[in-house]
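Both counts, for ligands and for their atoms, begin at 1 and track the order of listing.
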Amino acid sequence: MIVLGIETSCDETAAAVVTDSGQRRILADRVLSQLDKHRPYGGVVPEIAARAHLEALDGLIIDALAEAGLGFADLDAVAFTGGPGLIGGVIVGTMAAKAIALVHHLPLVAVNHLEGHALTARLTDNVAFPYLLLLVSGGHCQLLIVEGVGRYVRLGTTIDDAAGEAFDKSAKLLGLGYPGGPLIEKAAGAGDPKRFDLPRPMKGRAGCDMSFSGLKTALRQAVERLAPNGAALAPRDAADLALFRSRHAGGETLVVAGGVAANAALRQRLAALAAASGMAFVAPPLALCTDNAAMIAWAGLERLRLGLTDDLDFAPRPRWPLDPAAAPAIGAGVKA
Ligand code: KG4
Ligand code: ZN
């Protein structure tokens, strides 16, 4: 099967084509980052994002098909991010996918963006169900058992900020810029991990929930002690403060996914943890950790194989939890 995927839920406009004929392969993978448009504001501005998706999406779809050497007639379905995310962008992707499905008589598959991240390891490494997944992105931070397509059990979630959000806010505090994750990682390379004793939130507590706001507060207090009156931090201080830690255990294969999974320190620690627990560890290549459309096309293909298609009246979903049975985390600024 060959599936076109469309991703527009945040600040990357993306289109990709994947197939499972013979082996699982990405035939085309186009991502256009809107970073330059949002950078002056220190974060994603939803209206600017929606407009930028609208301007770029058609061209990206044409480019992706050209790169794959295919036309619409060669496709078996069109998959798109139906949520969760910034609603303006999700609407743009949804309408584009519906138009293609209608005109070319193709099945339509609405994909949960988080399921896209969650199933990426099956595209890249053919990981078998069930597996343990640490999903860490700009809007989400969850530990899940992935039992199958559409079947998730949430073991833990952040009770406040998402991991990527913590990176982004901390980078702002440190005066490093936006987006924070990659900049903190770069700064941390020159840092001394022993210099600052930052707290390990929730350590020793029962359950798998996580928290990052206390860490952020501790960081802010440390910054204020070092640079009272808003004076700029010396590069050395920023580097030393920029080290974060995270660990998790359980299951047979440990998979990490989402934008923060691009972080080398996190990958190393998770790999060591998996090894110590006798688990296999899978982390998708960096470009498939941050937002992309190949993951949406792949999740769409997996759903299509199970006959899980959607109607043209599918309504975009700003919120769409993977495990609806799990209680919402009170106080969490997360989208699911
Ligand atoms: O999955 P993603 O591209 O978008 C969402 O679905 O949220 O994740 C974006 C997040 C941002 O918060 C960004 O700072 C973080 O991933 N990120 C990183 C790294 N690269 C991106 N965090 C830590 N280390 C990185 N290398
Ligand atoms: Zn994402």
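- If you look at F314 and F80, their ring centroids are closer than 6.0 Å.
- Below 3.5 Å of separation, one finds an N or O of H113 facing an N or O of ligand 1.
- A donor-acceptor contact closer than 3.5 angstrom is absent between the side chains of Y152 and Q142.
- When the side-chain hydrogen bond (donor to acceptor under 3.5 Å, both in side chains) test is applied to S211, the partners found at least two apart in sequence or on another chain are D160.
- In this structure, CG on D74 lies 11.0 Å from OG1 on T19, to the nearest 0.5 angstrom.
- Ring-plane geometry between F129 and Y131 is classed as parallel, the angle between the planes falling under 30 degrees on a 0 to 90 degree scale with a further cut at 60.
- Which parts of ligand 1 touch G139 is read off a 4.0 Å heavy-atom cut-off, strictly below it: atoms 7 (O).
- For ligand 1, the atoms closer than 4.0 angstrom to any heavy atom of T290 are 3 (O).
- Geometry at the Zn ion (ligand 2): NE2/H117 and NE2/H113 form an angle of 90°, nearest 10 degrees.
- When you scan the N, O or S atoms of D291 for the one nearest the Zn ion (ligand 2), you land on OD1.
- Between G138 and ligand 1, a contact under 3.5 Å exists for at least one N or O pair.
- When each atom of ligand 1 is checked for a heavy atom of H117 under 4.0 Å away, the hits are 1 (O), 6 (O).
- The heavy atom nearest to atom 24 (N) of ligand 1, out of those in V260, D168, N263, is found in N263.
- At under 3.5 Å, not a single nitrogen or oxygen of G258, backbone or side chain, sits near a nitrogen or oxygen of ligand 1.
- Residue-ligand proximity, G164 to ligand 1, at heavy-atom distances under 4.0 Å covers atoms 12 (O).
- Clustering ILVMFWY residues whenever any of their side-chain heavy atoms sit less than 4.5 angstrom apart, transitively, puts I91 in a cluster other than the one holding L102.
- Annotation for T81 and S9: closest pair CG2-CB, 3.8 Å, computed over non-hydrogen atoms.
- At least one side-chain heavy atom of I26 sits under 4.5 Å from a side-chain heavy atom of L288.
- The atoms of ligand 1 that sit less than 4.0 Å from any heavy atom of E185 are 24 (N), 25 (C), 26 (N).
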